[in-house]
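Note that these values count all heavy atoms, side chains included, but never hydrogens, waters or copies made by symmetry. Quick note: residue numbers are just sequence positions, from 1.
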Amino acid sequence: MHHNIKTGRARGFRFGYTPQGQVHPDWFRKSHVPLTIVCGPPAAGKTTYVEAHRGPNDLVICFDTVARRLYGGTRRRNVLTPDQIGGALYARNELISTLFHKGAAAQWPAAWLIVSEPSAHWRKWWADMLQPIAIIVIATPADACKARAKVDAADGDERSRIALKSIDGW
């Protein structure tokens, strides 16, 4: 088992437990795969941006995708319990930890990490820990993000209420 995963488990970062340490683990280190981090508010177009710019063999790490893989649901219908959030963060962090191996560059030509991260302080934290080649902030205006979230809500997106509050936090 990878050392960082063992360390995380030893520190109590497990399914059903959502400390700040899982959101920003202190055991992260430099990525050996050229990494681009894409940030922005909900409904800003982060996933669309990555899909347009990624290579066919690139690794994409996205909390929402990890959560859907673990718990099912669709892209627009995936409200998580606190325990599920902890589990998805844990699984996301395991994926990120694969980038720390020197041999990872042979497996993926590039990697993309999608995080909301509205705070410049925490974006700097990601930069310091993972040392990506770039951090891209998708600065979609709040009104446009809210309009997209409202369309999603009309389409049955159960997350839209939470998204609207998060957009205001950006």
Side-chain angles (χ1 to χ4, degrees), residues 1-78 80 83-140 159 166 170:
M1 182 183 313
H2 187 273
H3 170 75
N4 291 322
I5 295 169
K6 284 184 185 177
T7 301
R9 286 184 179 155
R11 292 180 179 170
F13 303 157
R14 61 190 180 278
F15 286 87
Y17 184 61
T18 30
Q20 180 64 18
Q22 272 191 309
V23 177
H24 301 106
D26 63 3
W27 52 268
F28 277 1
R29 61 182 202 244
K30 181 183 187 303
S31 173
H32 287 280
V33 176
L35 173 66
T36 302
I37 299 174
V38 180
C39 306
K46 298 179 297 294
T47 301
T48 301
Y49 179 90
V50 170
E51 288 303 314
H53 292 88
R54 70 181 292 236
N57 298 314
D58 291 355
L59 174 65
V60 177
I61 302 171
C62 172
F63 174 85
D64 290 341
T65 303
V66 169
R68 279 192 306 279
R69 192 182 67 233
L70 288 173
Y71 305 113
T74 65
R75 184 172 194 279
R76 299 186 187 271
R77 291 173 185 82
N78 199 24
L80 302 175
D83 282 350
Q84 290 173 326
I85 292 169
L89 284 170
Y90 182 88
R92 179 206 66 176
N93 293 346
E94 284 191 1
L95 273 173
I96 292 170
S97 77
T98 64
L99 303 175
F100 308 155
H101 297 284
K102 288 182 181 175
Q107 189 170 1
W108 301 291
W112 300 80
L113 174 61
I114 300 171
V115 294
S116 182
E117 211 57 85
S119 165
H121 165 80
W122 287 113
R123 289 191 299 270
K124 182 180 180 329
W125 178 90
W126 286 103
D128 291 346
M129 295 300 277
L130 300 177
Q131 300 176 32
I133 59 171
I135 293 183
I136 297 169
V137 177
I138 307 293
T140 304
R159 303 171 308 152
S166 295
W170 255 84

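The structure places CZ of Phe28 at 5.0 Å from CH2 of Trp126, a figure rounded to the nearest 0.5 Å. Here Leu113 contributes atom CG and Leu99 contributes atom CG; the two are 8.5 Å apart, rounded to the nearest 0.5 Å. With rounding to the nearest 0.5 angstrom, the CD1 atom of Ile135 is 8.5 Å from the CG atom of Leu35. Atom OG of Ser31 is separated from atom NE2 of His101 by 11.0 Å, given to the nearest 0.5 angstrom. Remark: Asp26 CG to Met129 CE distance equals 6.5 Å, nearest 0.5 Å. In this structure, CD1 on Ile37 lies 10.5 Å from CD on Gln131, to the nearest 0.5 angstrom.
For the residue pair Trp27 and Ser97, the shortest heavy atom distance occurs at CZ3-CB, 3.7 Å. For the residue pair Leu70 and Ala88, the shortest heavy atom distance occurs at CD1-CA, 3.7 Å. Residues Ile85 and Phe63 share a closest heavy-atom pair of O-CE1, 3.9 Å. Minimum heavy-atom separation, Cys39 to Lys46: C-CD, 3.6 Å. Of all heavy-atom pairs spanning Val33 and Ala111, the tightest one is CG1-N, 3.6 Å. Between Pro41 and Thr140 the shortest heavy-atom distance is CG-O, 4.3 Å.
Annotation: side chain of Arg68 is in contact with side chain of Asp64 (closest heavy-atom distance under 4.5 Å). Proximity of Ile114 to Tyr49: side-chain heavy atoms (C-beta onward) are nowhere separated by under 4.5 Å. The closest side-chain heavy-atom distance from Pro42 to Ser116 is below 4.5 Å. In this structure the side chain of Arg54 reaches within 4.5 angstrom of the side chain of Val60, judged on heavy atoms. The side-chain heavy atoms of Trp122 and Val23, taken from C-beta on, include no pair separated by under 4.5 Å.
Between the side chains of Glu117 and His24, at least one donor N or O sits under 3.5 Å from an acceptor N or O. Under the 3.5 Å distance criterion, with hydrogens and angles disregarded, a donor-acceptor pair is assigned to the side chains of Trp112 and Asp58.
With Thr36 contributing its side chain and Ala134 its backbone, the two residues share no donor-acceptor pair below 3.5 Å. The main-chain N or O of Gln22 is found under 3.5 Å from a side-chain atom of Arg92 such that the two form a donor-acceptor pair.
Between Asp128 and Lys124 there is a salt bridge, with a side-chain nitrogen of the basic residue lying less than 4.0 Å from a carboxylate oxygen of the acidic one.
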Let's go through Leu95 and Asn93 carefully: what are the C-alpha distance in whole Å and the side-chain angles of both, what is the deciding distance for side-chain contact (heavy atoms from CB on, under 4.5 Å) to 0.1 Å, and is it a yes or a no? CA-CA 5 Å; Leu95 273 173; Asn93 293 346; over 6 Å; no
